[in-house]
Amino acid sequence: MKVLFLNASPHREASHGYQLALDMIKKLGAPAQSNMVSRDLAAYPLPPITSDYARAITSREPDERHFALSEQLIREIEITDVLIINTPMHNFTVPAALKLWIDYVLRIHRTFASTPEGKIGLVRDRPAFVIVGSGGHHSGEHALQRDFLSPYLRYALGCIGVTDVHFLLLQGLVRGEAAVTEALKAARETLAQHDLFNAQNATVTL
Ligand SMILES: Cc1cc2nc3c(=O)[nH]c(=O)nc-3n(C[C@H](O)[C@H](O)[C@H](O)COP(=O)(O)O)c2cc1C
């Protein structure tokens, strides 16, 4: 089982979501270099979209050279079986670092086709786990803000064909140790319901 791990947290290893992602990767048996593609979008940000890329992506006869980075990022999805994303919520949605990845990966005629019925994904479906770290709450009874991150990311991944998306919400991370412990416990319980991490199915346990 090959895993693609994307980190979009500027806290990197200090991010609780990052550590949970490493646990998941370990339990999937993928930490060996050959079983894993790891891309740190926060430490090594992708370059902003250039005019060449913007022109190529909307051109009928694009200059393929401008797709080199886009192609590399798409191949990283295609050669792996499971996608794990650790992302913070930044101002109610995805951080800029992850948005750039989306802008390179959603490419007409390559990862999706535009049809009279709408966009159709061209990438094989696979499980995707998205760990979302947030300082406050955006879901459940304590929610005091809107969540534009999970519906947006679900829609964007669905656009390329990745529809088996599971969100693990780490909420209230700036509210002290007890809140962090509670958030991690809830995320692990959610995760345990998935076949890949379900103790009964004995693939892995967390
Ligand atoms: C620029 C910026 C914007 C943020 N916006 C939000 C927000 O809209 N809602 C929220 O609950 N927390 C927000 N936070 C707090 C982070 O989500 C919080 O620090 C969380 O721990 C990030 O997860 P991480 O430690 O995995 O990076 C923001 C933090 C930064 C730096």
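We number each residue from 1, following the sequence as shown. Ligands are counted one by one from 1 in listed order, and the atoms in each one are counted from 1 as well.
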Quick test: of every protein heavy atom, which one is nearest to atom 19 (O) of ligand 1, and how far off is it to 0.1 Å? His11 CE1, 4.1 Å

Just to confirm my output: which protein heavy-atom neighbour is closest to atom 22 (C) of ligand 1, and how far is it? Pro88 CB, 3.5 Å

Identify the protein heavy atom lying closest to atom 5 (N) of ligand 1, giving its residue, its atom name and the separation to 0.1 Å. Asn91 N, 2.8 Å

Within a distance under 4.0 Å of any heavy atom of Phe92, pick out the atoms of ligand 1 and give their elements. 7 (C), 8 (O)

Write out the residue and atom name of the closest protein heavy atom to atom 6 (C) of ligand 1, then the distance separating them to 0.1 Å. Met89 O, 3.3 Å

Which option out of Ala8, Gly135, Pro10, Ala143 puts a heavy atom nearest to atom 15 (C) of ligand 1? Gly135

Within the 3.5 Å criterion, strictly below it, is a donor on Arg175 or His137 matched to an acceptor on the partner's side chain? yes

Go through ligand 1 atom by atom and flag the ones less than 4.0 Å from a non-hydrogen atom of Ser9. 24 (P), 26 (O), 27 (O)

Salt-bridged, Asp103 to Lys99, with N to O below 4.0 Å? yes

As a check for students: among Gln145, His90, His137, Arg146, identify the option with a heavy atom nearest to atom 2 (C) of ligand 1. His90

Parallel, tilted or perpendicular: ring planes of His166 versus Phe129, cut at 30 and 60 degrees: parallel

With a 4.5 Å cut-off on side-chain heavy atoms, are Leu69 and Leu73 touching? yes

Are Leu157 and Leu122 in one and the same hydrophobic cluster, where Ile, Leu, Val, Met, Phe, Trp and Tyr link if side-chain heavy atoms are under 4.5 Å apart? no

Quick one, Leu6 with Ile84, criterion side-chain contact (heavy atoms from CB on, under 4.5 Å). Give me CA distance, side-chain angles, the key distance, then yes/no. CA-CA 6 Å; Leu6 300 176; Ile84 298 179; over 6 Å; no

Check ligand 1 against Gly136 and write out every atom of the ligand that is under 4.0 Å from a heavy-atom position of the residue. 10 (C), 11 (O)

Ignoring hydrogens and angles, state whether a donor on the side chain of Ser139 or Asp147 is under 3.5 Å from an acceptor on the partner side chain. no

Are any non-hydrogen side-chain atoms of Val3 and Thr80 less than 4.5 angstrom apart? no

Would Arg124 and Glu78 pass as an ion pair if we require N to O under 4.0 Å? no

Under 3.5 Å between some N or O of ligand 1 and some N or O of Asn86? no

Judging by distance only, is a nitrogen or oxygen of His16 under 3.5 angstrom from one on ligand 1? no

Identify, for atom 26 (O) of ligand 1, the protein heavy atom at the shortest distance, and state residue, atom and that distance. Ser15 OG, 2.7 Å

Closer than 4.0 Å to some heavy atom of Leu173 - which atoms of ligand 1 meet that? 21 (O)

